Amino acid sequence: MCPERISIIVNNAINIGKVTASGTVGGINNASIKVKVKVKVKVKVKVKIKIKIKIKAPKLSGKMCYSVAYLEKKQSRLIERYKNMLPPEWKDPIHPKNKLDQLPEYYFLSAFTHPELPIVTGEGIRMKEWGLIPFWVKDEEKGTKIRKGTLNAVGETVFEKPSYRSIIRSKRGLLPVSGFFEWRDYNGKKYPYYIRLKDHDLFSLACIFDSWINKQSGEIIESFSVMTTPANTMMEAIHNRKKRMPLILSLEKEKEWIGNHLNEQEVLELIKPFDSNRMEAYPVSRRLNYSGNNRNTPEAIQKKNYPELPVIQS
DNA sequence: CCAGACGTTGTT
DNA sequence: GTCTGG
DNA sequence: CCAGACGTTGTT
DNA sequence: GTCTGG
């Protein structure tokens, strides 16, 4: 129940002590507690002590999804892929609303550059920037700051976080990708892996999105965050102590996710690791480790053999 | 009451 | 170790 | 996530 | 916008 040791420092024997300690608390590993102590001296010997204890559960830490490949150039293919969940007018690929025809192929895109990508929503496919700016952000400076940390949204806590808790109920979307990248830490070296589905088709990363209005300029920024969930066995093997992966939705679940009649429980039901058996992964060039390089080249998804690296199976 | 945070990751 | 930039 | 920097002064 | 800490 109690941390292994707590030290209390009392200043001048009158008031204060503020202590932090960590250990196992109530069965929670690595929980940290903050103890605030108020001491009132009554007589020479008698002391009244007030202790307030706050237990903070450890953060769910996670490895994440910060880079993807998007290799589908043709908007018609994209629309075809998602047509059973798009509004009727979207079933016609030449409808004037469709302005996605200039999409290049993206071999490697880093979320940290806030790329603009097509997001499938209940209203259709809309371009949005990666790195969510919550609607309540006051100014551009704050928005720039906050979006560096909203590239991903932890599935288990998404109904609690101020940045996400309201939009998770109504603004859910899909980021179509060809694959994504994760780094494996082996003998102190970082090896990037390209991960995709065995069928090599486009698949969907679940995301949530928001609109932000710049009050100064009137500009509207549409942005999104990719959901994450605990890793499946393959993603765990790509090691990294983090044990997380992006939320991949199966074909059947895609439509449900972007629909607007799910309650909290039903949304949480969808936030589950994807089946390892349907995924594959292989190492790629360590050139991807350097953001100074132009990483958006076909080499990014080319398999590279590292003799020292044990193979990972799905 | 007001001011400030609001996110992710990382680590021994 | 910890922060910043990509 | 990764790599790379990590200080001060002066100036417009 | 809404919660937390002071």
Side-chain angles (χ1 to χ4, degrees), chain A residues 4 15-16 18 20-23 29-30 32 34 36 38 52 54 56 58-69 106 108-115 129-139 141-171 179-186 188-195 205 207-213 215 223-231 235 238-247 283-296 300:
Chain A
E4 285 154 27
N15 215 329
I16 326 326
K18 221 180 197 180
T20 56
S22 63
N29 286 324
N30 292 320
S32 64
K34 248 186 198 166
K36 227 175 163 181
K38 224 178 182 175
K52 213 177 167 183
K54 208 175 182 180
K56 224 175 152 185
K59 285 183 205 157
L60 287 160
S61 71
K63 122 143 294 171
M64 245 343 40
C65 177
Y66 290 143
S67 34
V68 300
Y106 293 117
F108 183 98
L109 281 176
S110 167
F112 293 98
T113 61
H114 308 301
E129 298 175 14
W130 194 346
L132 188 139
I133 306 177
F135 67 94
W136 41 257
V137 164
K138 306 271 193 304
D139 56 56
E141 193 191 344
K142 297 250 173 58
T144 304
K145 202 173 158 211
I146 203 163
R147 75 186 321 193
K148 289 180 187 167
T150 54
L151 306 176
N152 292 147
V154 173
E156 297 91 316
T157 57
V158 71
F159 278 92
E160 290 137 42
K161 301 291 183 184
S163 296
Y164 304 139
R165 64 189 170 203
S166 87
I167 55 171
I168 183 60
R169 297 175 182 281
S170 58
K171 295 173 184 289
F180 61 96
F181 298 86
E182 296 292 1
W183 274 259
R184 179 183 184 191
D185 201 330
Y186 186 75
K189 279 175 120 179
K190 316 276 186 185
Y191 297 87
Y193 274 69
Y194 182 58
I195 300 140
L205 303 187
C207 55
I208 48 179
F209 57 90
D210 209 344
S211 299
W212 178 74
I213 300 171
K215 294 253 171 56
S223 57
F224 69 94
S225 179
V226 170
M227 301 286 309
T228 72
T229 185
M235 294 304 298
I238 300 192
H239 189 136
N240 285 320
R241 43 216 143 236
K242 310 139 200 192
K243 313 238 161 108
R244 306 281 305 171
M245 66 182 288
L247 174 54
V284 293
S285 171
R286 297 189 74 241
R287 233 179 60 82
L288 293 186
N289 293 11
Y290 304 88
S291 57
N293 292 336
N294 173 20
R295 296 177 287 182
N296 186 16

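Reminder, nothing fancy here: chain letters follow the sequence lines and each chain counts from 1. A quick note: this is a predicted structure, and the numbers were derived from the prediction, not measured.
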Given [options], the nucleotide with the shortest approach to the side chain of [X]:
{"X": "Asn152(A)", "options": "dG6(C), dT8(B), dC2(D)", "result": "dT8(B)"}
{"X": "Arg165(A)", "options": "dG1(E), dC2(D), dT8(B)", "result": "dG1(E)"}
{"X": "Trp136(A)", "options": "dG7(B), dG6(C), dC6(B)", "result": "dC6(B)"}
{"X": "Thr113(A)", "options": "dT9(B), dT2(E), dG6(C)", "result": "dG6(C)"}
{"X": "Tyr290(A)", "options": "dA3(D), dC6(B), dT9(B)", "result": "dA3(D)"}
{"X": "Val154(A)", "options": "dG1(E), dC2(D), dT8(B)", "result": "dT8(B)"}
{"X": "Ser291(A)", "options": "dC2(D), dG6(C), dG7(B)", "result": "dG6(C)"}
{"X": "Tyr164(A)", "options": "dC6(B), dG5(C), dT8(B)", "result": "dT8(B)"}

For atom [atom1], what is the distance between [N] and [M], given to the nearest Å?
{"N": "dG7(B)", "M": "dC3(E)", "atom1": "P", "answer": "13 Å"}
{"N": "dG6(C)", "M": "dT8(B)", "atom1": "P", "answer": "23 Å"}
{"N": "dT11(D)", "M": "dC1(B)", "atom1": "C1'", "answer": "44 Å"}
{"N": "dT12(B)", "M": "dC2(D)", "atom1": "P", "answer": "13 Å"}

* Checking Arg286(A) against Tyr191(A): charged group under 6.0 Å from the ring centre and within 45 degrees of the axis? -> yes
Would you kindly give the [atom1]-to-[atom2] distance between [X] and [N], to the nearest whole Å?
{"X": "Met245(A)", "N": "dT9(B)", "atom1": "CE", "atom2": "P", "result": "14 Å"}
{"X": "Lys145(A)", "N": "dT8(B)", "atom1": "NZ", "atom2": "P", "result": "15 Å"}
{"X": "Asp139(A)", "N": "dA5(B)", "atom1": "CG", "atom2": "C1'", "result": "14 Å"}
{"X": "Asn289(A)", "N": "dC2(D)", "atom1": "CG", "atom2": "C1'", "result": "6 Å"}
{"X": "Glu182(A)", "N": "dG10(B)", "atom1": "CD", "atom2": "P", "result": "10 Å"}
{"X": "His114(A)", "N": "dG7(B)", "atom1": "NE2", "atom2": "C1'", "result": "12 Å"}
{"X": "Glu160(A)", "N": "dT8(B)", "atom1": "CD", "atom2": "P", "result": "11 Å"}
{"X": "Arg147(A)", "N": "dT9(B)", "atom1": "CZ", "atom2": "P", "result": "18 Å"}

Does [X] reach the main-chain N or O of [Y] with its side chain, forming a donor-acceptor pair under 3.5 Å?
{"X": "Asn293(A)", "Y": "Arg287(A)", "answer": "yes"}
{"X": "Ser225(A)", "Y": "Thr150(A)", "answer": "yes"}
{"X": "Asn152(A)", "Y": "Cys65(A)", "answer": "yes"}

Regarding [X], tell me which of base, sugar-phosphate or nothing describes its non-hydrogen contacts under 4.0 Å with the strands shown.
{"X": "Phe135(A)", "result": "sugar-phosphate"}
{"X": "Ala153(A)", "result": "sugar-phosphate"}
{"X": "Ser110(A)", "result": "nothing"}

* To do: Counting Watson-Crick and G-U wobble pairs only, both distances under 3.5 Å, name the nucleotide matched with dG7(B), or none.
  => none
* Structure fact -> In Watson-Crick or G-U wobble terms, with both distances under 3.5 Å, the base opposite dG5(C) is dC2(D)
* To do: Report yes if at least one side-chain N or O of Lys161(A) is closer than 4.0 Å to OP1 or OP2 of dC6(B); otherwise report no.
  => no
* In Å, rounded to the nearest 0.5 Å, how long is the span from CG of Asp210(A) to CH2 of Trp136(A)? -> 9.5 Å
* To do: Any chance you could measure Phe224(A), atom CZ, to Leu151(A), atom CG, to the nearest 0.5 Å?
  => 9.0 Å
* To do: Run through Arg244(A), Lys161(A), Met227(A) and flag the one making a side-chain contact (heavy atoms from CB on, under 4.5 Å) with Val154(A).
  => Arg244(A)
* Taking atom types as they are modelled, is there a donor-acceptor pair under 3.5 Å from the base of dG4(B) to the side chain of Lys138(A)? -> no
